[in-house]
Amino acid sequence: QVQLVESGGGLVQAGGSLRLSCTASTGNIYTMAWYRQAPGKQRELVAGITAGGSPNYADSVKGRFTISRDNAKKTVYLQMNSLKPPATAAYYCNADVSVWLVRKVYWGQGTQVTVSS
């Protein structure tokens with residue numbers, strides 16, 4: 001079994017920045033992504049990144065968020081700049097992982113991001 005451990009969430013004022021991290025415990029890691037979910041809303045894709053480092057972003061965060069990864073550390077990051085209150089949500093790491101040729105999608109525990117005005 002694979003665990004994804006997230007960190008970096010917290011409370012920040014509008015205009016500030018946070019950096020989220022997510023580390024996989026084991027396995028060969030393929031695509032990794034960040035999702036977020038606010039109360040009463042659907043979980044939505046924020047950003048994704050392939051094993052080769054090609055990123056994609058939701059239109060709402062383009063130009064302000066940056067996704068990156070360190071394959072040696074089995075870690076994905078989300079740098080969030082110019083934060084606004086609508087970004088307030090629980091952020092979840094997602095990873096496509098293979099262990100002994102068994103490929104499965106895993107989720108992190110979630111980390112809360114709160115942006116105050």
Side-chain angles (χ1 to χ4, degrees):
Q1 198 72 15
V2 178
Q3 288 78 49
L4 302 181
V5 179
E6 303 179 27
S7 63
L11 175 64
V12 64
Q13 293 183 340
S17 298
L18 287 173
R19 188 195 192 211
L20 307 183
S21 299
C22 172
T23 299
S25 61
T26 190
N28 298 118
I29 318 301
Y30 299 96
T31 300
M32 305 184 82
W34 289 96
Y35 290 74
R36 66 186 178 189
Q37 187 168 24
K41 297 183 67 177
Q42 295 285 118
R43 186 171 297 187
E44 64 176 349
L45 177 66
V46 177
I49 187 167
T50 68
S54 297
N56 65 280
Y57 300 94
D59 288 341
S60 61
V61 306
K62 286 180 179 176
R64 299 185 297 111
F65 289 13
T66 302
I67 189 170
S68 61
R69 65 191 288 165
D70 184 333
N71 289 337
K73 296 179 179 178
K74 301 184 188 296
T75 298
V76 63
Y77 306 95
L78 186 67
Q79 179 67 45
M80 305 185 293
N81 298 327
S82 301
L83 284 165
K84 305 171 184 178
T88 296
Y91 284 71
Y92 295 90
C93 178
N94 171 281
D96 181 9
V97 184
S98 178
V99 180
W100 274 97
L101 302 182
V102 178
R103 191 162 170 170
K104 189 182 301 183
V105 174
Y106 295 88
W107 289 93
Q109 81 278 8
T111 184
Q112 180 67 35
V113 171
T114 302
V115 184
S116 66
S117 60

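Looking at Arg43 and Trp107, their side chains come closer than 4.5 Å, going by heavy atoms from C-beta outward.
A single hydrophobic cluster is seen to contain both Trp100 and Val2, as judged by linkage of ILVMFWY side chains at heavy-atom distances under 4.5 Å, directly or through other members. Under a hydrophobic-cluster definition in which Ile, Leu, Val, Met, Phe, Trp and Tyr are linked whenever side-chain heavy atoms come within less than 4.5 Å, directly or via other members, Leu78 and Val113 are assigned to the same cluster. Linking Ile, Leu, Val, Met, Phe, Trp and Tyr whenever their side-chain heavy atoms come within less than 4.5 Å leaves Tyr77 and Leu20 in two separate clusters. At a threshold of 4.5 Å between side-chain heavy atoms, the hydrophobic network of Ile, Leu, Val, Met, Phe, Trp and Tyr places Tyr35 and Val61 in two separate groups. Connection of Tyr106 to Ile49 is established within a shared hydrophobic cluster, with ILVMFWY side chains joined at heavy-atom distances below 4.5 Å, either directly or through further cluster members.
From Asn28, atom CG reaches atom CG of Asp96 across 10.5 Å, with rounding to the nearest 0.5 Å. In this structure, the separation between CE on Met32 and OG1 on Thr23 is 7.5 Å, given to the nearest 0.5 Å. Separation of atoms OG1 (Thr26) and NZ (Lys74) is listed at 6.0 Å; rounding is to 0.5 Å. To the nearest 0.5 angstrom, Tyr92 atom OH is 10.0 Å from Thr111 atom OG1. The CG atom of Leu4 sits 7.5 Å away from atom OG of Ser25, with the distance rounded to the nearest 0.5 Å. For the atom pair Arg36 CZ and Phe65 CZ, the distance stands at 5.5 Å (nearest 0.5 Å).
Of all heavy-atom pairs between Ser98 and Tyr30, the closest is CB-CE1, 3.5 Å. Pairing each heavy atom of Gln37 with each of Lys41, the nearest pair is NE2-O, 3.2 Å. Considering all non-hydrogen atoms of both residues, Ala33 and Leu45 come closest at CB-CD1, 3.9 Å. Across Val12 and Ser17, no two heavy atoms sit closer than the pair CG2-N, 3.9 Å. Closest approach of Ala87 to Leu83, counting heavy atoms only: CB-CD2, 3.9 Å. Closest approach of Val76 to Ser68, counting heavy atoms only: CG2-O, 3.2 Å.
Panel note: side chain Asn94, backbone Val105; no donor-acceptor pair is recorded below 3.5 Å. Checked by atom type and distance alone, the side chain of Gln79 never pairs as donor or acceptor with a backbone atom of Arg19 at under 3.5 Å. Remark: the backbone N or O of Glu6 is paired with a side-chain donor or acceptor of Gln109 at under 3.5 angstrom. Judged by distance alone, with hydrogens and angles left aside, the side-chain atoms of Arg69 form no donor-acceptor pair with the main-chain N or O of Thr31 at under 3.5 Å. Counting only distance, with no hydrogens or angles, the side chain of Tyr57 and the backbone of Gly63 share no donor-acceptor pair below 3.5 Å.
Not counting sequence neighbours, Asn56 has no partner by the side chain to side chain donor-acceptor pair (under 3.5 Å) test.
Neither side chain, Thr88 nor Thr114, offers a donor N or O lying under 3.5 Å from an acceptor on the other.
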